[in-house]
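Count residues from 1 along the sequence. Everything numeric here is computed off the predicted structure, so don't read it as measured data.
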Amino acid sequence: MACRSKKELKMFVEEAKKCAAFGKVADYIPALGKANPNDLSIAIHYPDGECVSAGDIDRKITLQSISKVISLALVLMERETDEVFGKVGMEPTGDPFNSIAKLETMAPAKPLNPMINAGALVVTHLIQGSNVEDRFQRLLSFVKELANNPDICIDEEVAKSEFDTSQLNRALCYFLKQHRVIDEDVEELMDLYTKQCAIEMNCLELARVGMIFAMNGRDPDSGKQLIPEHIARICKTFMVTCGMYNASGEFAIKIGIPAKSGVSGGIMGAVPQKFGIGIFGPALDEKGNSIAGIKLLELLSETYQLSMF
Ligand SMILES: NC(=O)CC[C@H](N)C(=O)O
């Protein structure tokens with residue numbers, strides 16, 4: 001059983017929206033600060049092609065940290081699993097997504113997982129290609145395929161805004177370079193990473209990407225295996241253990257589905273073998289997750305017993 005009623009979804013959105021007042025839009029990337037904290041939209045994409053949605057579903061969001069799952073899938077498709085996990089770990093941190101603390105206490109200085117910024121920067125570093133543009137286009141083509149939209153592009157303003165202000169991520173890169181985890185020019189890596197984070201889509205497309213992960217990498221429309229099954233499984237496992245930053249444990253208990261959030265207020269959910277979810281609600285809680293988006297998932301999970309545990 002799952003929600004197929006637009007009317008019911010709309011009711012959930014109205015209920016969850018009440019929480020938005022307790023959250024705050026991220027503004028450490030200045031361009032994200034322009035978002036309306038009261039926005040909330042959701043789409044659910046089923047493998048039979050049906051899509052149910054509510055809220056302002058035409059609004060586009062930048063993927064931000066949600067892109068970390070996609071770049072990880074791509075890199076695992078391009079390289080040996082051992083090579084990737086030789087440079088980035090598989091363990092949750094319990095720290096905020098942009099924390100540098102654990103890097104310094106780990107020996108070797110390998111980021112704990114690919115869902116925190118340090119780990120995601122390593123993964124982005126591993127995207128293959130002859131230059132930044134070539135590597136970005138490779139990632140973008142993959143995103144277009146997953147979302148089934150050849151027109152997906154980036155929000156240039158958000159990309160530039162993050163590139164111009166992201167000194168903490170630069171610090172992570174320099175630390176990683178000093179310890180030989182990465183070996184490329186930091187400005188080039190930042191260029192690629194900020195473009196990756198600024199890829200934008202609406203919540204219908206986000207739900208479709210979630211559905212591909214839910215279906216173990218298989219596109220039910222074309223029958224094509226867009227992501228090998230074992231890689232989709234690795235990605236979903238990271239979504240459960242680290243996808244909601246240092247709120248992942250509580251999220252697993254209360255909601256119990258693989259999900260990944262981003263500071264733009266997006267959440268991508270993948271309910272195994274059932275459907276994908278795309279949410280946009282820019283008001284964030286103190287851990288950086290969409291406050292109304294989490295409430296919305298709580299309502300859905302309780303009503304339809306979505307927890308996989
Ligand atoms: N949590 C996030 O969405 C972080 C992504 C953002 N681009 C950053 O690196 O800070």
Side-chain angles (χ1 to χ4, degrees), residues 1-6 8-9 12-13 41-55 57-61 63-74 76-77 139-152 199-240 243-244 251 255-262 266-281 290 293 296-297 299-301 303-308:
M1 240 319 245
C3 178
R4 298 248 178 185
S5 149
K6 198 177 172 74
E8 185 185 32
L9 209 52
F12 286 150
V13 165
S41 48
I42 179 169
I44 300 179
H45 201 305
Y46 294 94
D48 62 10
E50 191 181 347
C51 208
V52 192
S53 59
I57 43 130
D58 290 328
R59 202 175 290 279
K60 290 183 177 170
I61 53 160
L63 292 179
Q64 299 303 331
S65 277
I66 300 171
S67 69
K68 293 170 180 172
V69 189
I70 301 174
S71 55
L72 176 66
L74 178 68
L76 286 169
M77 284 159 68
L139 176 68
L140 191 61
S141 309
F142 183 49
V143 174
K144 288 176 178 176
E145 220 182 351
L146 295 174
N148 195 25
N149 180 357
D151 298 326
I152 283 181
I199 294 173
E200 62 172 7
M201 57 177 77
N202 63 31
C203 59
L204 297 171
E205 291 151 352
L206 191 59
R208 189 183 192 276
V209 180
M211 187 263 298
I212 301 290
F213 282 101
M215 299 312 287
N216 285 332
R218 193 171 158 275
D219 179 350
D221 294 331
S222 65
K224 262 175 58 186
Q225 193 74 37
L226 300 182
I227 305 167
E229 196 170 328
H230 72 284
I231 293 178
R233 190 175 57 78
I234 293 173
C235 292
K236 274 186 291 184
T237 312
F238 276 122
M239 286 163 78
V240 169
M244 307 300 284
F251 186 87
I255 294 156
I257 63 165
K260 182 75 202 87
S261 67
I267 303 178
M268 177 178 81
V271 184
Q273 298 300 336
K274 289 189 179 150
F275 50 83
I277 304 174
I279 289 182
F280 175 45
S290 170
L296 194 47
L297 285 172
L299 293 169
L300 270 175
S301 184
T303 311
Y304 292 102
Q305 287 160 6
L306 299 183
S307 176
M308 54 193 278

Do the non-hydrogen side-chain atoms of M201 and V209 ever get within less than 4.5 Å of each other? yes
Counterpart residues, side-chain contact (heavy atoms from CB on, under 4.5 Å), relative to S261 (two or more places apart): M244, Y245, I267, N289
Is the closest side-chain heavy-atom distance between C51 and R208 below 4.5 Å? no
Under the side chain to side chain donor-acceptor pair (under 3.5 Å) test, residues paired with K68 that sit two or more places apart: S65, N117
Would you say E200 and I152 make side-chain contact, with heavy atoms under 4.5 Å? no
Just so I know, are the side chains of V13 and L296 near enough to count as touching, which here means a heavy-atom distance under 4.5 Å? yes
Checking E8 now: which residues fulfil side chain to side chain donor-acceptor pair (under 3.5 Å) with it, not counting sequence neighbours? Y304
In Å, rounded to the nearest 0.5 Å, how long is the span from CG of L72 to CE of M77? 11.5 Å
Could you go step by step and tell me if I277 and V271 meet the side-chain contact (heavy atoms from CB on, under 4.5 Å) rule? CA-CA 8 Å; I277 304 174; V271 184; 4.1 Å; yes
Note: P220 and M211 closest approach over all heavy atoms is CG-SD, 3.4 Å
Rounded to the nearest 0.5 Å, how far does CD1 of I212 lie from SG of C235? 13.0 Å
Minimum-distance pair of heavy atoms, taken over all atoms of V69 and M239: CG1-SD, 3.9 Å
Reported CG-to-CD1 distance for the pair L9 and I42, which is rounded to 0.5 angstrom: 5.0 Å
Could you pull out all residues at least two apart from F238 that satisfy ring pair (Phe, Tyr, Trp, His ring centres under 6.0 Å)? F85
I'd like to check the side chain to side chain donor-acceptor pair (under 3.5 Å) partners of Q305; sequence neighbours left out, ordered by chain and number. none
Hey, can you pull the donor-acceptor pairs under 3.5 Å for the side chains in residues 141-148, sequence neighbours left out?
from, atom 1, to, atom 2, distance (Å)
S141, OG, Q137, O, 2.7
K144, NZ, P150, O, 3.3
E145, OE2, K224, NZ, 3.4

Residues two or more places apart in sequence or in another chain: which of them pass ring pair (Phe, Tyr, Trp, His ring centres under 6.0 Å) with Y46? F275
Counting distance only, does the side-chain N/O of S301 pair as donor-acceptor with the main-chain N or O of L297 below 3.5 Å? no
Expected output: side-chain S71 to main-chain S67 donor-acceptor under 3.5 Å: yes
Nearest 0.5 Å, what's the CG-CD1 distance between L306 and I257? 6.5 Å
If I compare all heavy atoms of G217 with all of A232, which pair ends up nearest, and what's the gap? N-CB, 3.8 Å
Flag side-chain contact, heavy atom, 4.5 Å: I199 against Q64: no
Nearest heavy-atom neighbours spanning V52 and E50: CG2-OE2, 3.9 Å
Within the 4.5 Å heavy-atom criterion, are L206 and L63 side-chain neighbours or not? yes
Which residues pass the salt bridge (Lys or Arg N to Asp or Glu O under 4.0 Å) test with R233, not counting sequence neighbours? none
Restricting to side-chain contact (heavy atoms from CB on, under 4.5 Å), what partner residues turn up for A43, sequence neighbours left out? S53, C203, L204, A207
Among all residues two or more places apart in sequence or in another chain, which pass the salt bridge (Lys or Arg N to Asp or Glu O under 4.0 Å) test with R218? none
Taken in chain and number order and not counting sequence neighbours, the residues that satisfy side chain to side chain donor-acceptor pair (under 3.5 Å) with N216 are K236
Where I57 and A54 come nearest, the two heavy atoms and their spacing: CG2-O, 3.9 Å
Nearest heavy-atom neighbours spanning D221 and D219: N-OD1, 2.9 Å
Taking only residues two or more places apart in sequence or in another chain, which ones pass salt bridge (Lys or Arg N to Asp or Glu O under 4.0 Å) with D48? R4
Report the distance from atom CD1 of I227 to atom CZ of F213, rounding to the nearest 0.5 Å. 3.5 Å
